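All remarks here apply to the structure that follows.
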Amino acid sequence: MADEPATEPDEGRVGFIGLGVMGGPMALNLVRAGTPLVVWNRTGAATDPLRAAGAAVARTPAEVFRRAGTVLLMLADDTAIDAVLARGTPEFAALVADRTVVHMGTTSPGYSRALAADVREAGGRYVEAPVSGSREPARAGRLVGMLAGDDDAVAEVRPLLAPLCHQTFVCGAVPDALLMKLSVNLFLITQVTGLAEAFHFADRHGLDQRRLADILAAGPMASTVSRGKAASLLARDFTVQAAILDVLKNNRLIAEQARASGVASPLLDACHALYGETARLGHGAADMAAVVYALEARTDQEVAS
């Protein structure tokens, strides 16, 4: 996807590539905070709100790197990152030399470690900066950022994340930020699955689910996540915040890391099966609280048998 080698960037300009469910609102928050931003997205329509807000829109990823000294990547997976960076081709070094590449998505820690080595070899700097949160926290600028990399690069990037994150945490060397993100996601996945199972249990026993939600909200286990997902379960409104298919991807990454390091993950493995069943039922694009469909299907199968 590269079309020309990078040259001296515009003074102070930041690049942002990947304007999906999370990336779009994140980039908008940067523009609204006054960050001089140049953006690119594979589907051009996603750039329209950014253009209207004052961001420059590049024709190619290479133009982003030509114009910006620091480039934030919020891309779906390692394949998308490699394509945008033209990794494995001569253009890669021309893009990243003298630039700071900030990987904000979720990939395997091993992939990030290898990418960091390639960026450094090409004369660039590399920072991991995955974030915890879904679409609404992204819109509100209330994500939680985790950073890893060389101290000077992290110190340069951390202030850029202020319009996106209400808190940021330095986690050490690459890939420790992604390992931390996987730890956070493991808790999120098991927490939401447990909440859905509690609602399903109450429903099948004829209990008032609204009363359950009120009791949970009043107790010590209450959180923004539990309140939000409880509302989704009550309304059966699974408008996506974090999609079932995205949860499956994260679940797989955590499981692979656990296997590689010899760490037991029995709760995660049970959740993986349930989210896979939910996707096969046709709810892959729904919010993760829709895992309740898999629980209901299992109960119905038990009753039928």
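No experiment lies behind these values; they were computed from the predicted model shown.
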Working for side-chain hydrogen bond (donor to acceptor under 3.5 Å, both in side chains), residues T70 and R125 | CA-CA 9 Å; T70 298; R125 301 195 298 174; 6.0 Å; no
Listed by chain and number, what are the side-chain contact (heavy atoms from CB on, under 4.5 Å) partners of [X], not counting sequence neighbours?
| X | value |
| --- | --- |
| D82 | R87, Y111 |
| A294 | L274, E277, T278 |
| A55 | V31, L37, V39, L50 |
| L245 | L248, A279 |

For a 4.5 angstrom cut-off between non-hydrogen side-chain atoms, does [X] reach [Y]?
| X | Y | answer |
| --- | --- | --- |
| L182 | P109 | yes |
| L234 | L212 | no |
| F199 | D203 | no |
| L85 | L73 | yes |
| M288 | N250 | no |
| M22 | M104 | no |
| E296 | H200 | yes |

Nearest atoms (heavy-atom pairs only) where [X] meets [Y]:
| X | Y | result |
| --- | --- | --- |
| S132 | K181 | CA-CE, 4.4 Å |
| A273 | R280 | O-NH2, 4.4 Å |
| A177 | P130 | O-CG, 3.6 Å |
| P159 | P163 | O-CD, 4.2 Å |
| A129 | L161 | CB-CD1, 4.1 Å |
| L143 | S134 | CD2-O, 4.1 Å |

For R236, does the CZ atom sit with more than 12 other heavy atoms under 6.0 Å from it, leaving out its own atoms?
-> yes
Can you tell me if CG on D300 sees more than 12 non-hydrogen neighbours from other groups inside 6.0 Å?
->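 For D300, atom CG is crowded (more than 12 foreign heavy atoms under 6.0 Å).
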Please list all pairs passing the side-chain hydrogen bond (donor to acceptor under 3.5 Å, both in side chains) test where one or both residues lie in residues 159-180, with sequence neighbours left out.
->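 Every side-chain hydrogen bond (donor to acceptor under 3.5 Å, both in side chains) pair that includes a residue of residues 159-180, provided the two are not neighbours, is R158-T168.
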Residues in ring-ring contact (aromatic ring centres under 6.0 Å, His included) with F201, at least two apart?
->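 Residues passing ring-ring contact (aromatic ring centres under 6.0 Å, His included) with F201: H205.
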Is it possible for you to say whether [X] and [Y] belong to one hydrophobic cluster, with membership spreading through side-chain heavy-atom contacts below 4.5 Å?
| X | Y | value |
| --- | --- | --- |
| M146 | V225 | no |
| L72 | L147 | yes |
| V131 | F16 | yes |
| V38 | F65 | yes |

Evaluate the criterion salt bridge (Lys or Arg N to Asp or Glu O under 4.0 Å) for residue pair E136 and R227; output intermediate values, then yes/no.
-> CA-CA 13 Å; E136 287 308 315; R227 292 188 180 100; over 6 Å; no
Show your reasoning for whether side-chain hydrogen bond (donor to acceptor under 3.5 Å, both in side chains) applies to H103 and S112.
-> CA-CA 8 Å; H103 172 24; S112 184; 4.8 Å; no
Might you work through the side-chain hydrogen bond (donor to acceptor under 3.5 Å, both in side chains) test for S108 and E256, ending with a clear yes or no?
-> CA-CA 8 Å; S108 73; E256 288 174 353; over 6 Å; no
Could you point out which residue of L160, V157, V102 forms a side-chain contact (heavy atoms from CB on, under 4.5 Å) with V14?
-> L160
